[in-house]
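These notes are about the structure you will find just below.
Numbers restart at 1 for each chain; the letters A, B, ... are given by sequence-line order, proteins then strands.
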Amino acid sequence: MPTEPVAVIDFETTGLNPAWGDRPTEVAIAVVQGDAIVDRYQSLMNPGRPIPHDVQQLTGITDRMVADAPPVATVMREAARFVGGLPLVAHNAPFDRKFWEMELARLGEQPQPAFACTLLLARRVYPQAPNHRLGTLIDLLRLPRAGRAHRAMADAEMAGHLWMRIRDDVRQRFGVREAGHGFFMRLQKVPKAKVDRFCRDGG
DNA sequence: TGCCAGGCCCTCTTTAGGGCCTT
């Protein structure tokens, strides 16, 4: 049976919280199936507000770059159509989820509730890591760096590789045969001290 | 072009505080 596909998503934004008026400036989605990234979507978008200088420096996305980009609503409609009904994955998922849900709500679309988090999973599967930032985990696990960090497609692809590695390590380490998105949604909520037993019992 | 969060998780905890992680 082929592994179920998931959509790994990453936003670049004008800031940390849509409740402050922050909007996305770029989105990327990498569809992971089996051991490969099989499809991609990426677009800059015009957030309709200035990007703070420190954020421009962090992401490399400038006001000039988004000035001629399509508006957020256009890009988010395309992104939602691209994702379809696939279960979603992100690194520090609460951050991407709140932008995803806020922007889809503006369009009157229903967001998917299932959002797995590679940060929560990595804390459980790699407790020995010096920290659990995406870049640190990529280097620690010797996974491919996909491009400039803090650009959406590079981060989405790196999170995709991390997702595949976590999935494979859990399956091998604990002998879990069919660990799909639903299994990892449950695993990310299990207290760290109980992860071994949860995995050995098959979730 | 600055200021603003919030969920998770650990511990010198649980009537709390602070670090991590995302842009």
- Message: Restricting to ring pair (Phe, Tyr, Trp, His ring centres under 6.0 Å), what partner residues turn up for A:Phe11, sequence neighbours left out?
- Response: none

- Message: For residues 136-158 of chain A, which residue pairs pass the ring-ring contact (aromatic ring centres under 6.0 Å, His included) check, not counting sequence neighbours?
- Response: none

- Message: Between B:dT23 and B:dA5, how far apart are the two C1' atoms, rounded to whole Å?
- Response: 12 Å

- Task: Could you tell me the separation between the CE atom of A:Met185 and the P atom of B:dG7, rounded to a whole number of Å?
- Result: 15 Å

- Item | Whole-Å distance separating the CD1 atom of A:Ile61 from the C1' atom of B:dT1 | 15 Å

- Message: Quick one: does any side-chain atom of A:Arg173 pair with a main-chain N or O of A:Val125 as donor and acceptor, under 3.5 Å?
- Response: yes

- B:dG17 and B:dT13: how far apart are their P atoms, nearest whole angstrom? 12 Å

- Message: Rounded to whole Å, please give me the gap between OH in A:Tyr126 and C1' in B:dC9.
- Response: 19 Å

- Task: Quick one: which residue pairs count as a ring-ring contact (aromatic ring centres under 6.0 Å, His included) with a foot in residues 29-81 of chain A, not counting sequence neighbours?
- Result: A:Tyr41-A:Phe82

- Query: Reckon A:Lys192 has a side-chain N or O less than 4.0 Å from the OP1 or OP2 of B:dC9?
  - Reply: no

- Message: I'd like to check the salt bridge (Lys or Arg N to Asp or Glu O under 4.0 Å) partners of A:Asp169; sequence neighbours left out, ordered by chain and number.
- Response: A:Arg165

- Query: A:Leu120 has an atom CG; how far is it from atom C1' of B:dG6, in whole Å?
  - Reply: 13 Å

- Item | Sugar-phosphate only, base, or nothing, as touched by A:Arg124 at under 4.0 Å among non-hydrogen atoms | sugar-phosphate

- Task: Take A:Ile51 and A:Gln188, find for each the nucleotide of DNA chain B with the closest heavy atom, and name the residue whose nucleotide sits nearer the 5' end.
- Result: A:Ile51

- Item | Gap between atoms CG and P, on A:Asn17 and B:dA5 respectively (whole Å) | 8 Å

- Item | Gap between atoms CZ and P, on A:Phe115 and B:dG7 respectively (whole Å) | 15 Å

- Tell me, for nucleotides 18-23 of chain B in 5' to 3' order, what letter each nucleotide earns: B for a base near a protein heavy atom under 4.0 Å, S for only sugar-phosphate near one, - for neither? --BBBB

- Item | B:dC9 versus B:dT14 - spacing of their C1' atoms, nearest Å | 14 Å

- Message: Say we look at B:dC12 and B:dG18: how far apart would their P atoms be, to the nearest angstrom?
- Response: 15 Å

- Message: Any donor-acceptor pair under 3.5 Å linking the side-chain atoms of A:Asp22 with those of A:Thr13?
- Response: no

- Hydrophobic cluster mates of A:Met102, side-chain heavy atoms under 4.5 angstrom, ILVMFWY only, any path? none

- Query: How many Å lie between CE on A:Met102 and P on B:dA5, as a whole number?
  - Reply: 14 Å

- Message: Taking only the C1' atom of each, what is the distance from B:dT22 to B:dC4 in whole angstrom?
- Response: 16 Å

